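Not measured: the values here are computed from a predicted model.
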Amino acid sequence: MNTPAPASPEGSALGKAAAYVDQYDAGLLYPIARAPQRERLGIVGQPRFFGADWWTAYELSWLNARGKPQLAIAHILVPCESTHIVESKSFKLYLNSFSGTVFADAAAVRARIEADVSAAVWTGEAVRARVAVRLIAPEDFDREPIHEMDGLSLDRLDLECTHSEPAPELLSAALHEQPVEETLTSRLLKSNCPVTGQPDWGSVQIRYAGPQIDQAGLLRYIVSFRRHNDFHEHCVERMFMDIWQRCQPTQLTVYARYTRRGGLDINPWRTSHPGALPPNIRTARQ
């Protein structure tokens, strides 16, 4: 297995012309360390959150023993305790490399993706928590639901937004009043790829218990990511840490679902407490 050493985003295939390889090649995966961005957020050592990154791959195909193309949708769950993420264009190129390669069956494809991506996200270390992969066969596509995120929509608020870079000072909570439990959502999340500057559109759900968060300030804060350049995973971790520090909830979960690019969507989930994974149900825009 030829997994590359970790490097900076600028060294990846992002924003560069790239040949589409149609023969299986695990070396196309490009891992990027999580630690440098977390250090910028003041996270050193064990993060104060748990979670995972849900990936959905809509462009996965391979050949059976007779050369006939097979296809599936892949759900790929990457644990957030892994040391690395995988840069998305490299993930696309890696999955495309299956297209001219013979595999015995879907189970062999699933096992190969699980092994390769697990090795990539733990680059340089032993795999401590494997990536989970589930393949959806074409006959099951009709069972894949579309559903918007549950919760009270912040987008109903009519307000002025003046910040276009993350502004945690917009966040506040009623620290001296009775605690509440709320689930709040917005479809107005937008950030940009840190290498190409291309827009990344998303929806976000914030579930918390504790002092009531000012909803107008929270929506303005979400909108303030509009010109921010960062990967999806890092944006969600920034949101989690800013809300945790500014609003002082006793429990907090931040879950974002981004629209797909290159046949892939990435849906990071971060939570302050262990619990069940959120449903991996795509929104209408995905």
Going by side-chain contact (heavy atoms from CB on, under 4.5 Å), V223 matches just one of L189, L188, L218. Which one? L188
What side-chain donor-acceptor pairs closer than 3.5 Å can you find for residues 54-62, not counting sequence neighbours?
{"residue": "T56", "atom": "OG1", "partner": "D265", "partner atom": "OD1", "Å": "2.9"}
{"residue": "Y58", "atom": "OH", "partner": "D265", "partner atom": "OD2", "Å": "3.1"}
{"residue": "S61", "atom": "OG", "partner": "Q70", "partner atom": "O", "Å": "2.7"}

Apply the test side-chain hydrogen bond (donor to acceptor under 3.5 Å, both in side chains) to residues Y94 and D116: give CA-CA distance (whole Å), side-chain angles for both, the deciding distance (0.1 Å), then the verdict. CA-CA 10 Å; Y94 162 74; D116 292 343; 2.7 Å; yes
Is the closest side-chain heavy-atom distance between V21 and N96 below 4.5 Å? no
Between A104 and A108, the two heavy atoms sitting closest are N-CB, 4.3 Å
Determine which pairs satisfy ring pair (Phe, Tyr, Trp, His ring centres under 6.0 Å) with at least one residue from residues 198-229, sequence neighbours left out, and list them in order. Y221-F225, F225-H228
Could you name each residue pair satisfying salt bridge (Lys or Arg N to Asp or Glu O under 4.0 Å) that touches residues 156-165, not counting sequence neighbours? none
Interatomic spacing from CD in E233 to OH in Y258 - rounded to 0.5 Å: 9.0 Å
Shared hydrophobic cluster for L252 and W269 (ILVMFWY, side-chain gaps under 4.5 Å): no
Side chains of P47 and F240 in contact at under 4.5 Å (non-hydrogen atoms): no
Under a 4.0 Å N-O cut-off, is there an ion pair linking R238 with D242? no
Side chain to side chain contact (heavy atoms under 4.5 Å, CB included) involving A137 - partner list, sequence neighbours excluded: E139, D140
The complete set of salt bridge (Lys or Arg N to Asp or Glu O under 4.0 Å) pairs with one or both residues in residues 193-204, sequence neighbours excluded, reads D200-R261
List in chain and number order the residues that pass salt bridge (Lys or Arg N to Asp or Glu O under 4.0 Å) with R38, two or more places apart in sequence or in another chain; answer none if no residue qualifies. E237
Under 3.5 Å, is there a donor on one side chain and an acceptor on the other for Q37 and D230? yes
Does this structure show an ion pair linking E182 with R207, if we count only N-O contacts that are shorter than 4.0 Å? no
State whether the number of non-hydrogen atoms from other residues, nucleotides or ligands found under 6.0 Å of R282 atom CZ is greater than 12. yes
I need the minimum non-hydrogen distance between N192 and P199, along with the two atoms involved. OD1-CA, 3.5 Å
What residues form a side chain to side chain contact (heavy atoms under 4.5 Å, CB included) with P138, not counting sequence neighbours? L71, F141
Listed partners of R128 passing side chain to side chain donor-acceptor pair (under 3.5 Å), at least two apart: E125
Is L277 linked to V121 within one hydrophobic cluster, defined over Ile, Leu, Val, Met, Phe, Trp and Tyr using a side-chain heavy-atom separation of less than 4.5 Å? no
Would you say I266 ends up clustered with I222 if hydrophobic residues are merged whenever their side chains have heavy atoms under 4.5 Å apart, either directly or through other cluster members? no
Do L95 and F103 share a hydrophobic cluster, counting only Ile, Leu, Val, Met, Phe, Trp and Tyr and linking them when any side-chain heavy atoms are less than 4.5 Å apart? yes
Just wondering, are more than 12 heavy atoms of other shown residues or ligands nearer than 6.0 Å to CD in E181? no
Can you list every pair that meets salt bridge (Lys or Arg N to Asp or Glu O under 4.0 Å) and has a residue in residues 39-57, with sequence neighbours left out? R34-D53, D53-R270
Side chains of S97 and D25: donor-acceptor distance under 3.5 Å anywhere? no
Under the salt bridge (Lys or Arg N to Asp or Glu O under 4.0 Å) definition, can you give me all pairs with a residue in residues 246-258, not counting sequence neighbours? none
Under the side-chain hydrogen bond (donor to acceptor under 3.5 Å, both in side chains) criterion, do S99 and D22 qualify, and how do the steps go? CA-CA 5 Å; S99 65; D22 67 355; 5.2 Å; no
Could you pull out all residues at least two apart from A284 that satisfy side chain to side chain contact (heavy atoms under 4.5 Å, CB included)? I146, E148
Going hydrophobic residue to hydrophobic residue with side-chain gaps under 4.5 angstrom, can you get from F49 over to I213? yes
Side chain to side chain contact (heavy atoms under 4.5 Å, CB included) involving L175 - partner list, sequence neighbours excluded: A173, P211, Q248
Counting only heavy atoms not in E177 (residues, nucleotides, ligands), do more than 12 fall under 6.0 Å from its CD? no
NZ of K190 to OG of S164, rounded to nearest 0.5 Å, is 9.0 Å
